[in-house]
Amino acid sequence: MSKAAIAEALSEARERTLALVEPLDDEQLNRVYSPILSPLAWDLGHIANFEELWLVQTIGGREPLHGELGRFYDAIENPRKIRGELPILRDEELRSYMADVRERTLDVLEGVEIGPDAEDPLLRDGFVYEMLLAHELQHNETMLQLLQGVAGYEIPQAAGHLSPGQASGQLARRFEYPPVREMPRGLDTVVIEGGSYEIGAPDRGFAYDNERPCHTVELAAFEIDRTPTSNGAYTEFMEETGAEPPLYWEREGEEWVDTARGRRAPIDPAQPVIHVSWDQADAFARWAGKRLPSEFEWEAARDRLDGLGHGWEWTSSDFLAYPGFAAFPYREYSEVFFGDTYKVLRGGAWATHPRVARPSFRNWDLPQRSQIFSGLRCARDA
Ligand code: AVJ
Ligand code: FE
């Protein structure tokens, strides 16, 4: 990306961020809607503070605008449930801070060398700028998670035509689908041959540290569903087993309705199910006589899969480091989350910006969480 393209992409991301909160007043930005999500004012300040930390302080060598303020925007130091009580910036001060940081960012950008031969790995091929773009857009998705709980909220058109169902085409293109795909009719699963598969992101280009290094894994033959699990199939599972409904589903007579954003929209049985936890997804797969795919199986099969981009897809895998992992540029993005606490999701959701999604991208969340736009597809040994 050229400097002009970086500046343009940064401003597009910011327009999207501001468009998302445009319908809300300051009270709504400051309100704590859920203990598992930040108030929107925290996300906004954190987006700007992260930008100041990397693009102004680290790259530009400048002093922060508000002294020690940054510690209240540190995601590790400040768990989500206490973020509403922190002395963070609010209202007009918050908006000025976002704009002031951005002005300095563009000023610093003018003077840096971002080519492939840049000495600083943060600047090489514009890495740190891509990271900042991804970060802001990922926080847009977290903000959308919270906005599902705001009655009457409607996603503004200016936020990039985000709505369930609309973003999936865009996202599918990021997965490099072959232009014409021949999918045998009547087959609802694809068989993936056993063998060696390349997993992870290549050395060049932007990716997070947890996607590297690229390495080979041996997979036994398996079969994976061509499409994600539908609302209809999930409803059958609930009715047969008494399993919990997805988040935001409520019963209305014989039917289920989606109450996100205060609506009462009928559930379309043909659409992929979202807002299920890993525990629900795993239980569904077992009930169907199948299992969740591992994240490696998912990655090996991804260019054969339909229906990507409606919801993230839970995998059976714990969020672990790849062999030879090296934290870059900071431990707190990935390394502190490695272990058996978090489960990996792959793909992307309607709320995911195409710049964030890529075949090697690994998302993660706790297995009991369903505020994330998460669904599943099933697999089994071949
Ligand atoms: C990749 C979505 C799990 O929210 O913890 C945002 C993304 N990291 N700021 C998270 C992230 C730092 C991350 N997830
Ligand atoms: Fe963050």
Side-chain angles (χ1 to χ4, degrees), residues 10 13-14 16-17 20 34-55 58 69-81 83 86 88-89 98 101 127-148 201 206-212 274-275 277-278 295 311-315 317-322 325 327-339 341-353 355-358 360-374:
L10 285 170
R14 182 54 48 86
R16 192 169 179 270
T17 302
L20 278 178
S34 156
I36 63 165
L37 288 165
S38 324
L40 293 163
W42 189 91
D43 277 285
L44 295 173
H46 167 83
I47 287 169
N49 185 254
F50 192 77
E51 175 175 333
E52 185 179 32
L53 177 65
W54 288 100
L55 302 187
T58 306
L69 177 73
R71 68 189 179 92
F72 302 117
Y73 292 117
D74 183 317
I76 306 291
E77 291 302 314
N78 304 285
R80 285 175 171 181
K81 62 175 185 297
R83 290 178 187 171
L86 296 170
I88 54 172
L89 298 178
M98 295 179 80
V101 169
F127 180 94
V128 77
Y129 291 96
E130 296 241 28
M131 180 175 88
L132 262 289
L133 276 167
H135 184 256
E136 180 152 358
L137 296 169
Q138 283 172 270
H139 273 277
N140 286 176
E141 183 165 340
T142 325
M143 292 161 70
L144 277 159
Q145 291 175 22
L146 178 126
L147 290 165
Q148 299 312 296
F206 178 76
Y208 281 112
D209 54 3
N210 65 58
E211 297 162 62
R212 293 182 163 136
I274 55 168
H275 288 305
S277 66
W278 185 91
E295 62 167 321
W312 290 97
E313 300 180 20
W314 285 112
T315 72
S317 304
D318 293 335
F319 186 49
L320 298 174
Y322 289 170
F325 167 85
F328 178 77
Y330 68 111
R331 283 189 65 241
E332 291 76 14
Y333 183 80
S334 311
E335 196 175 9
V336 298
F337 297 99
F338 286 151
T341 309
Y342 293 89
K343 294 290 184 189
V344 174
L345 304 103
R346 293 301 201 106
W350 64 264
T352 311
H353 191 281
R355 184 182 277 287
V356 171
R358 62 185 157 264
S360 58
F361 186 88
R362 306 167 77 197
N363 200 355
W364 67 92
D365 212 327
L366 297 170
Q368 69 274 21
R369 288 290 158 83
S370 53
Q371 90 293 344
I372 188 170
F373 305 98
S374 48

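Read the numbers this way: they start at 1 and go in the same order the structure lists the ligands and their atoms.
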> Counting each atom of ligand 1 from 1 as listed, which ones have a heavy atom of His139 under 4.0 Å away?
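Checking each atom against His139, I get 6 (C), 9 (N).
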> Right, does atom 7 (C) of ligand 1 have protein non-hydrogen atoms nearer than 4.0 Å?
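At least one protein heavy atom is under 4.0 Å away.
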> What I'd like to find out is whether the side chain of Leu37 reaches to under 4.5 Å of the side chain of Arg80, using heavy atoms alone.
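Yes; the side chains approach each other to less than 4.5 Å.
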> Could you state the interatomic distance from CZ (Arg16) to CG (Leu137), rounded to the nearest 0.5 Å?
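Result: 5.5 Å between the selected atoms.
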> Is atom 14 (N) of ligand 1 close to the protein, meaning a heavy atom under 4.0 Å from it?
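At least one protein heavy atom is under 4.0 Å away.
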> What protein heavy atom sits nearest atom 5 (O) of ligand 1, and how far away is it?
Trp364 CZ2, 4.5 Å
> Side chain or backbone of Glu332 under 4.0 Å from ligand 1, or both, or neither, by non-hydrogen atoms?
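The answer is neither; Glu332 stays 4.0 Å or more away.
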> Given that the side chain starts at C-beta and the backbone is N, CA, C, O, which of these parts of His135 lies under 4.0 Å from ligand 1, counting heavy atoms, or is it both or neither?
side chain
> At the Fe ion (ligand 2), what's the angle from His139 NE2 to His135 NE2, rounded to 10 degrees?
100°
> Report yes if the side chains of Tyr322 and Arg362 come closer than 4.5 Å at any heavy-atom pair, otherwise no.
yes
> Where the closest heavy atom to atom 4 (O) of ligand 1 is concerned, which of Arg362, Gln138, Arg80 has it?
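Ranked by closest heavy atom to atom 4 (O) of ligand 1, first place is Arg80.
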> How many angstroms lie between atom CG of Asn78 and atom NE2 of His46, to the nearest 0.5 angstrom?
10.5 Å
> Hey, are Lys343 and Asp318 close enough for a salt bridge, meaning a charged N less than 4.0 Å from a carboxylate O?
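The answer is yes: the pair qualifies as a salt bridge.
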> Report yes if the side chains of Phe373 and His275 come closer than 4.5 Å at any heavy-atom pair, otherwise no.
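Yes. Closest side-chain heavy atoms under 4.5 Å.
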> As a check for students: among Ile372, Asn363, Asn210, identify the option with a heavy atom nearest to atom 2 (C) of ligand 1.
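Selected option, by shortest heavy-atom distance: Asn363.
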> If you measure every N or O of Tyr333 against every N or O of ligand 1, does any of those distances drop under 3.5 Å?
no
> Once you round to the nearest 0.5 Å, how far does CG of Leu89 lie from CE of Met98?
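It comes to 10.5 Å.
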